[in-house]
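Given the structure is predicted, the values throughout are model-derived calculations rather than measurements. Chain letters run A, B, ... following the sequence lines, proteins first and then strands; every chain starts at 1. Because only heavy atoms are used, hydrogens play no part in the values below, and waters and symmetry mates are left out as well, while side chains stay in.
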Amino acid sequence: MEARLLIAVPRPLRTLLTYTYPATAQITLGCRVAVPLGHGRSIGLVIALAENAASTPYQLKPIKALLDQEPLLDAHLLEFLQWAARYYHHAIGEVIFSAIPNALRAGRPLPQVLTWQAIPTPDAAAQLKRAKRQAELYQWLSQQTEPSSAQAIHTQLGASWRPILAALVDKGLVAENLSPTRIQRSSLGKLTPKLVLSEQQQACLLQCETWMQASTLQPILLQGVTGSGKTEIYLRLIETYLARGQQTLILVPEIGLTPQLVQRFSDHFPEQQISCLHSGLNDTERLQAWMDARSGQADIVIGTRSAVFTAFADLGLIIIDEEHDTSFKQQEGFRYHGRDLAIKRAQMLNIPILLGTATPALETLQNADQGRYHYLRLEQRPGKARPPSLEVQDIRGQHLHSGLSKLSLQAIQRSLERNEQAMLFINRRGFAPMLLCPACGWLAHCPACSANMTYHARKNRIICHHCGADERAEAACPACQNPQLITQGQGTERIELVLQQYFPETPVVRIDRDTTSRKGSLERHLETVRNTERLLLVGTQMLAKGHDFPNLTLVVILDVDAALLSSEYHALERFGQLFTQVAGRSGRSNKAGHVILQTTQPQHPKLLTLLHTGYLAFARQLIEERKQWQFPPFSYQALIRAEAAEMDQALQYLEQLRLSIPAQAGVFLMGPVPAPLEKRAERYRAQLLIQAESRQLRHLCLNYLTNQEKNSPNQKSLRWSIDIDPVELS
DNA sequence: AGCACGCCGACT
DNA sequence: GTCGGCGTGCTC
């Protein structure tokens with residue numbers, strides 16, 4: 001007698017595979033198995049029991065081995081992942097395995113964790129029990145004489161098990177350096193005094209707590225301007241869940257950029273273990289953090305988007321910081337949105353979720369305005385900090401010095417004279433986006449993409465920012481040998497140069513992907529900025545994210561036009577968010593801030609709304625416009641992308657897919673058309689946009705499409721993908 | 001994604 | 001004659 005199992009394998013298959021196993025064997029859902037697959041073998045994860053009666057057109061194979069005694073993923077996580085695979089129309093196996101650390105994907109056994117569970121601390125009995133276990137553990141540990149095994153145990157222990165750690169350090173068995181997934185307390189036992197909450201923060205906290213204890217939960221949008229003390233609210237809310245012995249998940253856009261946030265958490269919770277999950281970890285570190293969350297040893301997990309798939313022993317609260325940030329959206333492969341999935345996961349677990357930002361995404365604001373989310377605002381900045389003064393600079397007919405107006409240069413001069421810092425913001429790295437020949441019109445163009453190469457002066461190379469093509473910049477024109485090539489437009493490198501020329505006495509720090517690619521270099525730069533009173537900062541997007549520069553009083557935004565004139569309908573929303581965040585960087589610590597926007601569009605109505613009535617009114621105006629055009633959040637989009645060796649192939653393939661979707665009310669199909677970047681890395685790209693008036697209709701269309709795909713043989717060398725709720729149409 | 005199968009070019 | 005190039009197709 002045998003039974004059947006539905007197994008997910010890490011392959012781009014849209015279905016689960018059915019295998020048999022002996023009915024006498026005990027198998028729990030969520031365990032890994034070794035299975036025969038095709039000519040070889042593969043690892044798989046048991047997802048469900050299959051109907052035994054159903055006859056199959058193929059010969060079922062038995063699983064080869066059961067690899068786990070206990071499930072890697074619990075029932076909730078399995079259900080959540082299956083939901084995600086359906087929603088994003090992505091291969092189930094890839095979705096399931098994105099929740100399993102690389103280190104466990106080859107079938108290696110789960111490391112043995114000392115099995116204890118997080119014990120709820122409030123009552124004395126539990127405290128006692130916890131202390132007793134620690135004592136037992138300590139006794140056992142003290143018998144370990146070999147430093148290497150002590151080290152191993154130390155690695156498996158949480159930093160929260162301080163007595164043990166302290167004892168080990170004391171005995172000289174381990175050095176007091178923890179793995180990078182764990183936050184080290186610099187001095188044991190030192191408690192940082194709690195900040196006193198403002199009246200508004202107090203009210204806000206109380207309201208959140210009330211909502212979180214209600215029988216029906218809704219996501220909470222906490223809109224707090226930069227410096228209004230959102231983080232302090234997070235900390236207080238987390239306390240409640242820690243006291244119950246529950247864990248908290250905090251999703252942040254890019255953890256490498258927010259070391260201060262992590263520090264803040266570890267200072268506030270010196271007794272708790274905080275684990276970090278981000279792209280900078282190697283497989284071992286990632287496994288460690290994952291195990292800590294799954295076993296319950298980690299009290300708080302801070303991570304980037306993929307941390308939404310982490311297994312938890314007892315998750316009680318989710319917080320999304322900088323909720324509007326588009327880096328929560330994965331832009332390749334499994335194109336999920338970390339925030340949206342977190343909301344779904346919280347809903348499935350019936351636990352509260354808090355979305356924090358100064359500038360809510362339009363869809364989030366719409367949800368709040370419609371009452372689907374609770375909505376709270378923190379308006380005041382604590383202390384005496386006032387909002388910055390804003391200046392729109394009309395640069396029409398102005399002579400610019402490498403993109404900088406005379407007025408901007410004067411404003412920078414005045415800041416420096418007051419021994420204050422200024423920041424110049426331009427969203428383009430490199431020296432100039434164009435290198436060309438004034439004699440014959442030759443232009444440095446990427447051989448593999450339909451895009452210009454960017455000139456990088458420091459390296460003296462031309463680089464394609466789309467495919468990475470990288471060539472030496474020749475002195476003379478390759479077409480007509482004219483010895484003098486010129487550049488057009490500006491990037492961060494050129495702005496850095498012009499500032500060095502104008503202000504030779506002042507250090508200039510440039511922060512972009514080129515200056516921060518090496519590990520720790522961003523931190524070093526930020527350190528310089530903190531330690532230097534008089535300084536100029538140049539950078540891209542990266543500068544806008546969550547750094548606190550107390551002596552910064554002037555911000556100049558240089559490429560406002562690009563955002564105002566973009567054809568992408570998301571561009572304005574992004575600009576509003578960026579502007580509000582960047583403006584929030586200036587004028588803290590009791591010094592007046594000033595923001596300059598250089599533009600040829602000083603009368604742009606949206607710009608005026610943003611400046612005069614603030615982000616909220618601006619965002620609501622954009623929502624109104626989206627409504628008129630029936631764009632999201634008033635419709636539901638899916639972008640089908642295809643790429644092939646020839647544009648015609650890509651277009652024809654999409655046309656075929658389009659025809660598989662029967663015409664129906666409430667569905668618009670746009671395209672297929674060539675993508676805005678027609679060619680990338682020698683491949684031509686086309687896209688088809690599906691816009692439906694409900695998620696259900698969109699889902700239906702995509703089902704037609706994937707069925708059609710199943711029937712038609714794969715076209716040679718053609719790759720295609722589905723992007724649900726796209727945030728970028730390029 | 002793997003992995004094998006298969007049908008064409010240059011080698012001992 | 002065969003080694004291997006990667007284009008194509010399948011995975012319970």
Side-chain angles (χ1 to χ4, degrees), chain A residues 1-23 25 27-68 78 81-82 84-86 88-108 283 306 309 330-336 448 641-646 648-650 652-653 656-657 681-684 705-723:
Chain A
M1 190 56 198
E2 54 184 22
R4 294 174 180 184
L5 295 174
L6 292 177
I7 310 271
V9 290
R11 302 286 148 92
L13 304 175
R14 291 188 182 277
T15 53
L16 296 169
L17 303 183
T18 313
Y19 288 88
T20 61
Y21 76 106
I27 285 195
T28 317
L29 304 187
C31 288
R32 290 172 301 165
V33 287
V35 290
L37 182 65
H39 302 276
R41 49 153 57 206
S42 170
I43 193 168
L45 200 87
V46 185
I47 302 299
L49 299 171
E51 288 294 322
N52 248 2
S55 70
T56 50
Y58 30 73
Q59 182 66 45
L60 295 183
K61 295 177 182 174
I63 66 165
K64 282 193 186 301
L66 173 65
L67 301 175
D68 292 308
L78 285 181
L81 291 165
Q82 288 180 89
R86 282 195 301 273
Y88 288 103
H89 286 260
H90 195 82
I92 178 73
E94 290 188 348
V95 176
I96 295 281
F97 278 84
S98 65
I100 296 171
N102 260 336
L104 298 177
R105 279 181 215 179
R108 175 183 129 183
D283 285 354
S306 62
F309 302 119
Q330 175 124 54
Q331 292 289 20
E332 57 196 11
F334 173 24
R335 295 170 173 262
Y336 63 94
R641 302 166 206 266
E643 56 168 62
E646 302 294 337
D648 266 356
Q649 277 181 289
Q652 275 166 28
Y653 185 76
Q656 194 188 322
L657 287 186
E682 299 292 7
R683 298 183 60 82
Y684 288 87
L705 199 144
T706 44
N707 283 336
Q708 151 86 17
E709 212 280 324
K710 222 177 288 169
N711 301 332
S712 72
N714 247 347
Q715 290 207 1
K716 56 177 179 177
S717 80
L718 190 138
R719 299 214 56 84
W720 71 289
S721 67
I722 297 175
D723 189 351

Closest approach of [X] and [Y], non-hydrogen atoms and distance?
{"X": "A/Arg683", "Y": "A/Ala645", "answer": "NH1-N, 4.5 Å"}
{"X": "A/Ile43", "Y": "A/Leu104", "answer": "CD1-O, 3.8 Å"}
{"X": "A/Ser721", "Y": "A/Arg335", "answer": "OG-NE, 4.2 Å"}

Expressed in angstrom and rounded to an integer, what is the separation of [X] atom [atom1] from [N] atom [atom2]?
{"X": "A/Arg41", "N": "C/dC12", "atom1": "CZ", "atom2": "P", "value": "13 Å"}
{"X": "A/Leu17", "N": "B/dA1", "atom1": "CG", "atom2": "C1'", "value": "13 Å"}
{"X": "A/Ile92", "N": "C/dT11", "atom1": "CD1", "atom2": "P", "value": "19 Å"}
{"X": "A/Arg719", "N": "C/dT8", "atom1": "CZ", "atom2": "P", "value": "13 Å"}
{"X": "A/Phe97", "N": "B/dA1", "atom1": "CZ", "atom2": "C1'", "value": "12 Å"}
{"X": "A/His39", "N": "C/dT11", "atom1": "NE2", "atom2": "C1'", "value": "9 Å"}
{"X": "A/Ile43", "N": "B/dC3", "atom1": "CD1", "atom2": "C1'", "value": "18 Å"}
{"X": "A/Arg105", "N": "B/dG2", "atom1": "CZ", "atom2": "C1'", "value": "15 Å"}

To the side chain of [X], which of [options] is closest?
{"X": "A/Leu13", "options": "B/dA1, C/dT11, C/dC12", "value": "C/dT11"}
{"X": "A/Pro12", "options": "B/dA1, C/dC12, B/dA4", "value": "B/dA1"}
{"X": "A/Arg11", "options": "B/dA1, C/dC12, B/dA4", "value": "B/dA1"}
{"X": "A/Leu37", "options": "C/dT11, B/dA1, B/dA4", "value": "C/dT11"}

Quick one: label [X] by what it contacts on the DNA or RNA (base, sugar-phosphate, nothing), any heavy atom closer than 4.0 Å.
{"X": "A/Pro36", "result": "sugar-phosphate"}
{"X": "A/Gln59", "result": "sugar-phosphate"}
{"X": "A/Tyr19", "result": "sugar-phosphate"}

Please confirm whether the shortest side-chain N or O distance from A/Arg14 to OP1 or OP2 of C/dC10 is below 4.0 Å.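 The answer is no; no side-chain N or O of A/Arg14 sits under 4.0 Å from OP1 or OP2.
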With heavy-atom distances below 4.5 Å as the criterion, would you say the side chains of A/Tyr19 and A/Val33 are in contact?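 Contact flag for A/Tyr19/A/Val33 side chains = no.
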Over 60° means perpendicular and under 30° means parallel, so tell me whether A/His90 and A/Phe334 are parallel, tilted or perpendicular.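 Rings of A/His90 and A/Phe334: parallel, under 30°.
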